[in-house]
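Input: a single structure, listed below in structure tokens.
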Amino acid sequence: MSSLGDGVTHAALPLIALTLTRDPMALAVVTAAGTLPWLLFGVLGGALVDRWDRRRTMGVADAARAVLLAIPATAAVLDVLSIPLLAAVAFLLGLGGLFFDTAATAYLPDLLRRDPALLERANSRLRGAQTAMSGFAGPPAGSALLALGRAVPLLTDAVSFLLSALLVRTLPAMPRPVPEVRESLLRQARAGASYVFRSRVLLGLALRPAVGNVAFLAVETVLALFAHERLGINTYGFGLLLTAEATGGLLGAGIASCLGRRLGTGTALTCTAAVEGLAILCLAAAPNPYVAGPALAVCGAGMGATMVLGPSLRQAIVPARLMGRVASTSRMLAMCAAPLGAFLGGWLATTYDIRTPLYAAAGLLLAMTAVTASMTSNRRVEAALRAAAPAGGPDHPAVDFPQVGNEFA
């Protein structure tokens, strides 16, 4: 339900911003605002999630975002909507997303007892369902609802958050991880961050989406403008363009497990990065929507597979007591890179040409494959899984990972 509302807003928000300004840098501000909470509170948020009931955290976060969206909807009705207000709402929505996503990531491996095969299957199904809602149904609906008024898609997203909060309450309650020796929130946050940075596998898994986010946000910032000015796509067509990306994402999520088995998780992650880079390169050179759509679909397939394989591996090898902090640290690195990508896209489009951010994004993705391939190679991934397996318990850390102990006490 929440993903359906996200899809509505994903298509409608940049179009709403376009009704207020055509300045690429102003659009970049709105795009970047939603990622700033991860920069400011990412690791601390993970430490809090490791202290709180994860199911309850998800419900409260969604309920709060439902109430928040009533503010820009009211402003739209009163015709006082502005770029600063949209940026502020995007920031607070991002803060709610920080707590919800971190809690959900930590909840799933507890539910499935960290079984790698079950985690891949579950993440594939979750990703597929989210893509179907946020990619297929949401964007065309968002574009169509915008024609009824700027407040309509925002209110639709608010209702979806409210329904999501109610549905979360039906999930089974899981016991909290065994608490550590009582220590400050900052020390616990530091322990989680250190666990990521001192493991080559976890750091590689974190760098993979971080560099990708620089590229993708550079594209996303100018995509609506690129579609209107270069491809001649109208408002409804923009929703269909996003649906093409979602089509590929659904396919990628569906074949992720197969790719992991045939190529190995490490090799599969490297290949998907190369596919994404080549697809963005084709998008930049696309002369019309009939080329741009398939290019976005291929890029979406690479992203869909990556977003199943990477999190599944992380959930299988990280102990339960650290899952919130490791997940938030990894996500923080990715999300901190996003504002850089947003402003890079806006600056390149303003200084050079609307296609330049897309070419730059393609170059980053292709270069990144060489940087992270060795960190998440098949050999390292298999060693991490073997090291995590013997204890059979959720709190057993992989032997080649840092132990979290007295040095952080």
Side-chain angles (χ1 to χ4, degrees), residues 7 10-11 123-124 127-140 208-224 226-227 230-233 237-311 334 341 345 354-370 372-373 376:
H10 182 57
N123 279 310
S124 177
R127 183 64 188 167
Q130 290 165 357
T131 300
M133 291 293 100
S134 66
F136 282 109
R208 169 74 171 83
V211 178
N213 266 2
V214 175
F216 294 132
L217 264 291
V219 174
E220 184 176 329
T221 296
V222 300
L223 186 58
F226 175 81
R230 293 291 185 177
L231 302 177
I233 295 177
F238 181 66
L240 293 178
L241 189 66
L242 296 180
T243 301
E245 181 180 358
T247 303
L250 189 61
L251 174 63
I255 65 173
S257 295
C258 180
L259 287 176
R261 289 193 301 269
R262 289 182 176 274
L263 303 177
T265 299
T267 300
L269 287 170
T270 302
C271 290
T272 56
V275 167
E276 291 164 9
L278 293 173
I280 295 297
L281 191 63
C282 291
L283 175 64
N288 55 57
Y290 304 105
V291 176
L296 270 178
V298 172
C299 181
M303 293 169 62
T306 299
M307 295 179 73
V308 170
L309 295 170
I354 197 69
R355 293 182 188 267
T356 305
L358 280 67
Y359 285 119
L364 279 174
L365 288 168
L366 292 173
M368 183 263 297
T369 60
T372 60
T376 55

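Summarising the geometry of A256 relative to L309, their closest heavy-atom pair is O-CD2, 3.4 Å, with the distance given to 0.1 Å. Between A292 and A286, the shortest heavy-atom contact is N-CB, 3.7 Å. In terms of heavy atoms, P289 sits closest to P294 at O-CD, 4.3 Å. The shortest heavy-atom contact between A253 and S124 is O-OG, 2.6 Å. Nearest approach of P357 to G345, heavy atoms of both residues: CG-O, 3.3 Å. Scanning both residues, A362 and G277, for their nearest heavy atoms gives CB-O, 3.4 Å.
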Side chain to side chain contact (heavy atoms under 4.5 Å, CB included), that's the test. Do T247 and L250 meet it? Break it down for me. CA-CA 5 Å; T247 303; L250 189 61; 5.9 Å; no
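For the pairing with E276, the side chain to side chain contact (heavy atoms under 4.5 Å, CB included) check across T369, L366, L365 returns one residue only, L365.
In this structure, the side chain of T265 does not engage the main chain of G260 through any donor-acceptor pair within 3.5 Å. A distance-only check finds no donor-acceptor pair linking the side chain of N213 to the backbone of F216 [under 3.5 Å]. Without hydrogens or angle criteria, T272 side chain to L269 main chain gives a donor-acceptor distance under 3.5 Å.
Atom CG of residue L263 and atom OG1 of residue T270 lie 10.0 Å apart, to the nearest 0.5 angstrom. Put simply, CG on L241 and CD1 on I233 are 4.5 Å apart, with the number rounded to the nearest 0.5 Å. Note that the CG atom of L283 and the CZ atom of R355 stand 9.0 Å from one another [nearest 0.5 Å]. One distance of note links CG of L223 with CD1 of I354; it measures 9.5 Å at 0.5 Å rounding.
Residues L358 and V222 have side chains in contact (heavy-atom distance under 4.5 Å, counting atoms from C-beta outward).
The closest side-chain donor-acceptor pair between R208 and T306 falls under 3.5 angstrom.
Within a 6.0 Å radius of CE in M368, other residues, nucleotides and ligands contribute more than 12 heavy atoms.
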